[in-house]
Amino acid sequence: MMGIAVTQVFWIKSNLALDAKNFDNKVFVALNEVNDKLSNDARAEKSIRDKSFDKLTSRSLLMPKTSYMDWRIKKDQFEIQDLSFSLNPSEYLENIKPAELKKMITLALNNQGILLDFQYGVFSNKDSSFIIINDHYVPVLNKNTQSTHVMTISGLDDTKYKASLLATEFDSPGSMMIIFPNKNLLLSPTVWPSLFSSLLFTSIILFGFSYTIYIIFNQKKISEMKTDFINNMTHEFKTPIATISLASDSIITPSVIKDESKVKRFISIIKEENSRMLNQVEKVLNIAKLDKKTIELKLVSIDVHELIKKAVDHSKLNAEQKNGQIFLSLQANNYMLVADQTHFSNIIHNILDNALKYTINDPEITVSTRDVANGIELSFKDNGLGMSKEARKHIFDKFYRIPTGNIHNIKGFGLGLAYVKALVEAHQGKVSVKSELGKGSDFILFFPRKNVT
């Protein structure tokens, strides 16, 4: 990509340099055309004078002697004027009319296909100053100073676009100079399509390359999540399967099968472990149903505070085993809500279980409610491990778990929070999280109030 970009830049710069060189050549051709036109006008003026002198000479042959002296005086004046123009061509510059000069320059530039605005001036070598600038004569006060009411044009005196005017074998009386203020904004019509196509195709290649890299990294992340999910599933199912297998082997031993109490105990263990596996499978199936939009919500009027209290009572035992506590701060006055009671309870259970799993020692969890506009807000704040900004972006993704390598001390498939988010949104609510590493997390759930349908 860098090689393509550098090649394109070099190619475009070469095109622009060639275009600039062509532009310069066209300007010099136009200036020479103007100079030729002025020279032709000067020669035409001299020709008219010569013809006038010839007529005067032919008439002098018929003059009486009394008029001969007048003819001689006029003849000397013509010869002196003709010699003066030859020896002092700067007089030609003084006869140039600014308006006509501008028309000449405009026509010459247009003939070369240059339509840019320009500024021009005529510089006199004799006076060492400009005598014409942009349609105006410039009065010369002395050798080095021009009239103060004429604004100096920036860049005109050192422009590269200049041509000597009315040069003779003796000298050049001055030069014509021109500048283009907007030249830097000019791009040849032949350059625009090339520049546009280069930028377009380079952008397409860059987009395709970036998208490919994005897909590769995304697939890599999905592969890691899949591997992590399989590892966690193996660990989650390995324990109950091993327990069921051990209990089954124990039941068929002669010493146990005759003891009814022991048989009932092992059967109870098998049922509990089987129920545990069924719950895990149920989570996966519920997520699949939510993805396919096939899950049906049985909406009824529920008491949010009552469901929270039941869930907290159920989770207190796990909290106490870690020497922790769960606090309630139920401040909402309107705590009746239209929702699916089973799924709503599962939402609360999942968040409480998640808070307990990611709090290593002495967990302190605060469950609070409050009234908000058009609904009720639930908050689950813990003092657990917290999570990074990057983890917060993916915490509600399916199968995502904060990477812990091959350490599986925190059980789960990474489906709990994905289930929570899907069910909250199914109830037209919103879920968000505030968290910092080492400072715990705060899960905030919003549920809108609506009538039973």
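Just so you know, these numbers come straight off a predicted model, no measurement behind them.
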### Task
Before giving the answer on side-chain hydrogen bond (donor to acceptor under 3.5 Å, both in side chains), spell out for Tyr419 and Asn350 the whole-Å C-alpha distance, their side-chain angles and the decisive distance to 0.1 Å.
CA-CA 8 Å; Tyr419 174 82; Asn350 276 323; 5.4 Å; no
### Task
Could you walk me through whether Tyr358 and Asp382 pass side-chain contact (heavy atoms from CB on, under 4.5 Å), step by step?
CA-CA 9 Å; Tyr358 287 93; Asp382 62 61; over 6 Å; no
### Message
Pair Phe10, Thr7 - check side-chain contact (heavy atoms from CB on, under 4.5 Å), show working.
### Response
CA-CA 5 Å; Phe10 177 78; Thr7 302; 5.8 Å; no
### Task
Would you please test Leu156 and Gln119 for side-chain contact (heavy atoms from CB on, under 4.5 Å) and show each step?
CA-CA 8 Å; Leu156 186 60; Gln119 296 177 335; 5.5 Å; no
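Exactly one of Thr159, Asp135, Asn134 qualifies for a side-chain hydrogen bond (donor to acceptor under 3.5 Å, both in side chains) with Tyr120. That residue is Asp135. Checking each of Leu38, Leu109, Asn35, Ile96 against Met104 for a side chain to side chain contact (heavy atoms under 4.5 Å, CB included) leaves exactly one that passes, namely Leu38.
Taking the six-membered ring for Trp and thresholds of 30 and 60 degrees, Phe23 and Tyr161 have ring planes more than 60 degrees apart, a perpendicular arrangement. In this pair, Phe344 and Phe447 present their aromatic rings tilted. The plane angle is within the 30 to 60° band.
Nearest heavy-atom pair across Pro448 and Gly429 is CD-CA, 3.9 Å. Scanning both residues, Lys160 and Phe28, for their nearest heavy atoms gives O-CZ, 3.1 Å. When all heavy atoms are compared, the tightest approach of Phe130 to Val138 is O-CB, 3.4 Å. Considering all non-hydrogen atoms of both residues, Lys298 and Asp340 come closest at N-OD2, 2.7 Å. Smallest separation of non-hydrogen atoms from Val34 and Ala108: CG2-CB, 3.8 Å. Closest approach of Thr212 to Gly208, counting heavy atoms only: OG1-O, 2.7 Å.
Between Ser315 and Leu356, the closest side-chain pair of non-hydrogen atoms falls below 4.5 Å. Taking the side chain as every heavy atom from C-beta outward, Ile347 and Leu378 never approach each other to under 4.5 Å. In this structure, the side chains of Asn22 and Leu18 come closer than 4.5 Å at one or more pairs of heavy atoms. Counting only heavy atoms from C-beta outward, the side chains of Leu297 and Leu423 approach each other to under 4.5 Å. In this structure, Met176 and Ile105 have side chains that are in contact, with non-hydrogen atoms separated by less than 4.5 Å. A 4.5 Å side-chain heavy-atom check between Phe118 and Lys102 finds at least one atom pair inside the cut-off. In this structure, the side chains of Leu352 and Val367 come closer than 4.5 Å at one or more pairs of heavy atoms. Residues Ile308 and Tyr335 have side chains not in contact (no heavy-atom distance under 4.5 Å, counting atoms from C-beta outward).
No donor-acceptor pair under 3.5 Å is formed between the side chain of Asn323 and the backbone N or O of Asp362. The closest donor-acceptor contact from the side chain of Ser203 to the backbone of Leu199 lies under 3.5 Å. A donor-acceptor pair under 3.5 Å is absent between the side-chain atoms of Thr106 and the main chain of Lys103, judged by distance alone. Checked by atom type and distance alone, the side chain of Thr369 pairs as donor or acceptor with a backbone atom of Gln331 at under 3.5 Å. No donor-acceptor pair closer than 3.5 Å links the side chain of Ser245 to the backbone N or O of Ile241.
Salt bridge status for Asp371 with Arg449: present, with a side-chain N to carboxylate O gap under 4.0 Å. Using a 4.0 Å cut-off between a side-chain N of Lys or Arg and a carboxylate O of Asp or Glu, Lys37 and Glu33 do not qualify as a salt bridge.
Remark: Phe446 CZ to His427 NE2 distance equals 13.0 Å, nearest 0.5 Å. We find the CG-CE distance between Leu31 and Met177 to be 11.0 Å, quoted to the nearest 0.5 Å. Atom-to-atom distance recorded for Lys316:NZ and Ile326:CD1 is 7.5 Å, nearest 0.5 angstrom. Summarising the geometry, atom CD1 belonging to Ile365 is positioned 10.0 Å from atom CZ belonging to Phe380; distances are rounded to the nearest 0.5 Å. To the nearest 0.5 Å, the span separating CD1 on Ile270 from CG on Leu246 amounts to 9.5 Å. Arg392 CZ to Lys389 NZ: the interatomic distance, rounded to the nearest 0.5 Å, is 7.5 Å.
With a 6.0 Å radius and a threshold of 12 heavy atoms from other residues, nucleotides or ligands, Asn218 has its CG atom above the threshold. With a 6.0 Å radius and a threshold of 12 heavy atoms from other residues, nucleotides or ligands, Glu377 has its CD atom above the threshold. Within a 6.0 Å radius of CZ in Phe209, no more than 12 heavy atoms belonging to other residues, nucleotides or ligands are found. Around the NZ atom of Lys310, the shell of radius 6.0 Å holds no more than 12 heavy atoms that belong to other residues, nucleotides or ligands. Within a 6.0 Å radius of CG in Asp117, no more than 12 heavy atoms belonging to other residues, nucleotides or ligands are found.
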Solution key, residues 433-443 side-chain donor-acceptor pairs under 3.5 Å, sequence neighbours excluded:
| unit_1 | atom_1 | unit_2 | atom_2 | d |
| --- | --- | --- | --- | --- |
| Ser435 | OG | Met387 | N | 2.9 |
| Ser435 | OG | Gly440 | O | 3.1 |
| Ser435 | OG | Ser441 | OG | 2.8 |
| Asp442 | OD1 | Ser379 | OG | 2.7 |

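Scored by the side-chain hydrogen bond (donor to acceptor under 3.5 Å, both in side chains) test, Asn274 finds no partners at all (sequence neighbours excluded).
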